[in-house]
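Taking it in order: structure first as structure tokens, then the write-up.
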Amino acid sequence: MRCRAASWRCWVLLLLALAGSYGPAQEFMPTEYHVKAAFLFNFAKFVEWPPRAFASVKSPLIIGILGKNPFHDDLAQTIRNKTVDDHPVLIKQFYSASDATNCHILFISASERKHLPEIFNTLKGASVLTVSETDRFTEKGGMINFVLEGTKIRFQINKNAATIAGLKISSKLMSLALRPGA
């Protein structure tokens with residue numbers, strides 16, 4: 001299901017729908033990484049990959065994690081039995097950027113911040129949406145960076161980096177992003 005309104009209400013509804021799979025509302029209090037996992041899954045709905053990024057129309061959409069996994073089981077719970085445009089969603093842990101060139105979304109853990117130039121160089125030419133929570137990630141060549149604004153989780157987007165990788169980011173998603181440096 002695609003959200004038609006580019007508003008925070010859309011994201012809240014998506015998060016509430018995800019929270020519904022955990023039981024009654026009073027039992028579930030989303031953590032920072034529940035929310036970030038929901039964002040990662042929903043980013044896939046607002047990004048278009050070139051046809052060559054998938055071996056077939058039913059190939060899985062792979063969300064990779066490079067470095068230390070801060071999500072633990074939160075991401076697996078979020079994507080369980082989910083699809084995006086008929087692609088089942090899978091998670092893979094990667095230990096090197098060269099292994100991650102065939103995933104679709106790559107969350108680059110803050111544990112890898114010293115290796116960002118090498119990672120970006122390795123991913124050059126691959127249609128991989130890079131996401132992190134590292135200071136100045138989008139300024140260094142990453143595509144989406146989570147930032148805390150008070151107690152809210154927001155994100156910045158480097159559209160140029162995505163375009164170079166052959167990815168098209170929806171204007172709806174762009175409208176929700178913070179301006180770099182904001």
Side-chain angles (χ1 to χ4, degrees), residues 1-2 14 18 33-134 136-146 153 155-174 176-177:
M1 178 173 116
R2 293 189 186 266
L14 289 169
L18 288 170
Y33 287 97
H34 278 114
V35 174
K36 288 180 179 178
F39 272 116
L40 276 180
F41 171 70
N42 284 298
F43 289 156
K45 296 177 182 182
F46 293 93
V47 174
E48 184 181 323
W49 282 265
R52 66 176 164 72
F54 294 95
S56 76
V57 294
K58 298 289 184 181
S59 294
L61 184 140
I62 300 169
I63 298 176
I65 300 170
L66 181 62
K68 184 179 174 187
N69 180 355
F71 295 97
H72 304 287
D73 197 37
D74 295 340
L75 186 55
Q77 288 177 357
T78 299
I79 64 126
R80 185 171 291 128
N81 301 319
K82 300 276 193 321
T83 62
V84 174
D85 293 331
D86 293 326
H87 296 282
V89 182
L90 299 178
I91 302 168
K92 285 190 179 182
Q93 177 71 49
F94 293 104
Y95 300 97
S96 74
S98 59
D99 292 337
T101 57
N102 291 321
C103 73
H104 300 93
I105 299 175
L106 182 62
F107 180 83
I108 303 170
S109 177
S111 67
E112 302 302 304
R113 76 173 49 93
K114 291 180 182 176
H115 306 289
L116 287 177
E118 300 160 36
I119 293 167
F120 294 145
N121 190 48
T122 300
L123 295 175
K124 194 177 288 186
S127 296
V128 177
L129 181 73
T130 56
V131 182
S132 191
E133 57 186 0
T134 304
R136 301 179 53 156
F137 182 73
T138 54
E139 294 170 32
K140 294 176 183 177
M143 297 174 200
I144 299 179
N145 192 40
F146 290 119
I153 298 169
F155 57 91
Q156 299 168 321
I157 296 177
N158 178 339
K159 187 176 179 182
N160 290 338
T163 301
I164 289 168
L167 305 175
K168 294 179 185 172
I169 297 178
S170 154
S171 60
K172 294 173 185 175
L173 185 59
M174 291 298 300
L176 297 173

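Source: prediction; values computed, not measured.
Put simply, the side chain of His104 does not reach to within 4.5 Å of the side chain of Leu129, judged on heavy atoms. Using a 4.5 Å cut-off on side-chain heavy atoms (C-beta onward), Ile157 and Met174 make contact. Considering only heavy atoms from C-beta on, Phe107 stays 4.5 Å or farther from Ile105 through its side chain. Using a 4.5 Å cut-off on side-chain heavy atoms (C-beta onward), Ile119 and Glu112 make contact.
Residue Leu66 holds its CG atom at 7.5 Å from CD of Gln93, rounded to the nearest 0.5 Å. Here the straight-line distance linking atom OH of Tyr33 with atom CZ of Phe39 works out to 13.5 Å at 0.5 Å rounding. Rounded to the nearest 0.5 Å, atoms CD1 (Ile65) and CG (Leu40) are 8.0 Å apart. A distance of 15.5 Å separates CG in Leu173 from NZ in Lys168, rounded to the nearest 0.5 Å. To the nearest 0.5 Å, the span separating CZ on Phe54 from CG on Asp86 amounts to 11.0 Å. Rounding to the nearest 0.5 angstrom, the gap separating the CD1 atom in Ile91 from the CG atom in Leu75 is 3.5 Å.
Counted by atom type alone, Asn160 and Thr163 present zero donor-acceptor pairs between their side chains at under 3.5 Å.
Note: Phe155 and Phe43 have perpendicular aromatic rings, judged against thresholds of 30 and 60 degrees for the angle between ring planes.
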**Request:** May I have the step-by-step check of side chain to side chain contact (heavy atoms under 4.5 Å, CB included) for Ile63 and Val89, ending in yes or no?
**Result:** CA-CA 7 Å; Ile63 298 176; Val89 182; 3.8 Å; yes
**Request:** Evaluate side chain to side chain contact (heavy atoms under 4.5 Å, CB included) for Met143 paired with Lys159, printing each intermediate quantity in order.
**Result:** CA-CA 7 Å; Met143 297 174 200; Lys159 187 176 179 182; over 6 Å; no
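Side chain of Asn158 to main chain of Thr138: a donor-acceptor pair is present (N/O by atom type, distance under 3.5 Å, no hydrogens or angles). The main-chain N or O of Ser59 is found under 3.5 Å from a side-chain atom of His87 such that the two form a donor-acceptor pair. Between the side chain of Ser111 and the backbone N or O of Lys68, at least one donor-acceptor pair lies under 3.5 Å. Side-chain atoms of Asn121 never come within 3.5 Å of backbone atoms of Pro117 as a donor-acceptor pair (strictly under, hydrogens ignored). Side-chain atoms of Ser170 never come within 3.5 Å of backbone atoms of Phe46 as a donor-acceptor pair (strictly under, hydrogens ignored).
Across every non-hydrogen atom of Ala44 and Trp49, the tightest pair is O-CZ3, 3.6 Å. The shortest heavy-atom contact between Leu123 and Ala97 is CD2-O, 3.9 Å. Taking each heavy atom of Ser127 and Ala165 in turn, the nearest pair found is OG-O, 2.8 Å. Contact detail for Cys103 and Val128: the closest heavy-atom pair is O-CG2, 3.3 Å.
Residue pairs meeting the salt bridge (charged side-chain N to carboxylate O under 4.0 Å, His left out) criterion with at least one member in residues 117-134, sequence neighbours excluded: Lys36-Glu133.
Tested against Phe137, the residues Ile144, Val131, Thr130 include a single side-chain contact (heavy atoms from CB on, under 4.5 Å) partner, Thr130.
Within 6.0 Å of NZ in Lys92 there are 12 or fewer heavy atoms belonging to other residues, nucleotides or ligands.
The salt bridge (charged side-chain N to carboxylate O under 4.0 Å, His left out) search around Arg136 returns Glu139, not counting sequence neighbours.
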